[in-house]
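Structure first, commentary second.
Just so we're clear, the structure is a prediction, and the values are computed from it rather than from any experiment. Along the sequence shown, the residues carry numbers beginning at 1. We count ligands from 1, going down the list as the structure has it; atoms in each ligand are counted the same way.
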Amino acid sequence: MRPVLGIESSCDETASAVLNAEGRVLAEAVLSQEREHAPYGGVVPEIAARAHLAVLPDQVRRVIAHAGLGFDELGGVAASAGPGLIGGLIVGSQLAKGIAIAYGLPFVAVNHLEAHALTARLPGLVEGGVAFPYLLLLVSGGHCQCVAVEGVGQHVRLGSTLDDAVGEAFDKVAKLLGLGWPGGPVLERLAADGDPRRYAFPRPLLGRAGCDFSFSGLKTAVAHEVARQDAGALPVQVAADIAACFQCAVADVLADRATHAMAMMRDGAPDAHVLVVAGGVAANTTIRAALAAVAEQHGFMLVAPPVRLCTDNAVMVAWTGIERLRLGLANELDFAPRPRWPL
Ligand code: KG4
Ligand code: ZN
């Protein structure tokens, strides 16, 4: 198979990448729209779509040139076609379809969640590769779920959040503490100077059967603690202690839910032994450490891709394109992007 172009535009990263058939990255680019959305404290869909449109065609041209290729040397074009913000999904998949039509290439409509899931199989990431089936813990700004990944296009959702996604909880708590957006990275830095034992925040669903998640009670507990403080700006040490206690509660919850998910996974697939963590929150060191500890206790190997592959990127989209094209799973050009597209 010839190299495959991947395009990502489902949320607030504009990204393109070209991988050869063996999964080696020939060229890639990621542009975050953080600056455009920061004044609004979150992603504004219309701004996101227009920013993708302004950047993507040139970015794709540059990436192809960087790879030392012409469009006519590609073997296929893959784009995130859902779930996500519909405007951005349309921009990315229309561009991909246009290229596919112009050069007579197969088009792959990629499920963004499957792309996160398949990242672990990128050649070179884990020695010997990651074989199906494995357990995926997807923790991002929009998603929080445990999935048994049984094959390309074969997923069983074991549990998911009943309210907020975990990244969303980080962002909301960061806002309560007067930090910027996106909140996760700033909150993690602040928590480094805090005492994780100062406040006893709840651990929602801890020990409960299954592996669903809930974060709204924890977020409310933080809001109450902030409200109890004297009026005016929070003292830095109080904010740091709250951040540390919140992060610690999240890590405990994720470790507990992952423990249940590993047991559920083993029930269905006794040989399964890999736990993959993906999504922006997987960048958090405390959370990675907590997951590594429970994985080891239960005989699982934790695979945490490097942060640039955990957050939204086009390498995972191109790789999913390759996995699907190898199986002959191209899509028709009338495939309509799907804002909702559960695994
Ligand atoms: O996967 P991602 O880049 O985008 C999607 O949501 O699809 O994830 C972004 C989320 C944001 O909510 C952000 O606050 C969170 O991941 N995040 C973190 C950290 N870095 C990013 N949360 C906790 N700790 C971090 N270091
Ligand atoms: Zn994502």
Side-chain angles (χ1 to χ4, degrees), residues 6-15 30-34 37-38 41-43 45 48 52 79-85 88-89 92 110-120 136-145 147 160-161 164-177 179-192 194 196 213 215 218-219 222 243-251 253-254 276-291 304-317 319-320 339-343:
I7 294 174
E8 164 58 39
S9 58
S10 66
C11 189
D12 61 339
E13 265 85 29
T14 313
V30 185
L31 184 71
S32 166
Q33 300 177 353
E34 224 170 278
H37 301 294
V43 179
H52 289 305
S80 278
L85 300 172
L89 294 172
V110 169
N111 180 309
H112 178 90
L113 305 179
E114 172 162 71
H116 276 301
L118 294 179
T119 303
L136 170 74
L137 174 61
L138 181 58
V139 281
S140 74
H143 306 281
C144 187
Q145 48 190 258
V147 179
S160 59
T161 185
D164 293 343
V166 59
E168 197 180 351
F170 266 94
D171 293 340
K172 287 177 177 169
V173 165
K175 202 169 190 174
L176 288 169
L177 297 178
L179 308 175
W181 177 88
V186 221
L187 193 148
E188 180 176 17
R189 278 197 296 279
L190 182 66
F213 306 81
F215 295 101
L218 172 57
K219 185 189 64 193
V222 173
C245 293
F246 165 76
Q247 182 175 265
C248 186
V250 171
V253 165
L254 292 181
V276 173
V277 60
V281 180
N284 187 287
T285 314
T286 304
I287 289 172
R288 280 191 188 223
L291 293 173
V307 171
R308 67 183 178 83
L309 292 175
C310 277
T311 52
D312 288 351
N313 65 87
V315 170
M316 67 180 189
V317 178
W319 173 244
T320 302
R340 292 182 169 278
W341 189 1
L343 274 181

For [atom], grab the closest protein heavy atom and report residue, atom and distance to one decimal in Å.
{"atom": "atom 4 (O) of ligand 1", "result": "D312 OD2, 3.7 Å"}
{"atom": "atom 21 (C) of ligand 1", "result": "G280 O, 3.4 Å"}
{"atom": "atom 10 (C) of ligand 1", "result": "G141 N, 3.5 Å"}
{"atom": "atom 18 (C) of ligand 1", "result": "G184 CA, 3.5 Å"}

With atoms numbered from 1 as shown, which atoms in ligand 1 lie under 4.0 angstrom from a non-hydrogen atom of [X]?
{"X": "E188", "value": "25 (C), 26 (N)"}
{"X": "V281", "value": "15 (C), 16 (O), 18 (C), 22 (N)"}
{"X": "G167", "value": "12 (O)"}
{"X": "T311", "value": "3 (O)"}
{"X": "G142", "value": "6 (O)"}

Side-chain donor or acceptor of [X] paired with backbone N/O of [Y] under 3.5 Å:
{"X": "N111", "Y": "W341", "value": "yes"}
{"X": "R288", "Y": "A282", "value": "yes"}
{"X": "W319", "Y": "L118", "value": "yes"}
{"X": "E8", "Y": "S10", "value": "yes"}
{"X": "E168", "Y": "A165", "value": "yes"}
{"X": "N313", "Y": "M316", "value": "yes"}
{"X": "S80", "Y": "G82", "value": "no"}

Indicate if the distance from the Zn ion (ligand 2) to the nearest N, O or S atom of H112 falls below 2.8 Å.
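Checking H112: at least one N, O or S atom is under 2.8 Å.
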Please examine the side chains of [Y] and [X], heavy atoms only from C-beta on, and report whether any two atoms are closer than 4.5 Å.
{"X": "K219", "Y": "D164", "answer": "yes"}
{"X": "D312", "Y": "H116", "answer": "yes"}
{"X": "L179", "Y": "L187", "answer": "yes"}
{"X": "L113", "Y": "H143", "answer": "yes"}

Is there any N or O on [X] that sits under 3.5 Å from an N or O of ligand 1?
{"X": "F170", "value": "no"}
{"X": "G279", "value": "no"}
{"X": "P182", "value": "no"}

Given N313, V43, N284, which has its nearest heavy atom closest to atom 24 (N) of ligand 1?
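Comparing heavy atoms across N313, V43, N284, the nearest one to atom 24 (N) of ligand 1 lies in N284.
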Atom name, H116 (N, O or S, nearest to the Zn ion (ligand 2)):
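In H116, the heteroatom (N, O or S) nearest the Zn ion (ligand 2) is NE2.
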Give the name of the N/O/S atom in D312 that lies closest to the Zn ion (ligand 2).
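This turns out to be OD1.
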4.0 Å heavy-atom contact, C11 with ligand 1
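Flag not set, C11 not near ligand 1.
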Hey, is D171 touching ligand 1 through its side chain, its backbone, both or neither, going by heavy atoms under 4.0 Å?
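The side chain, only.
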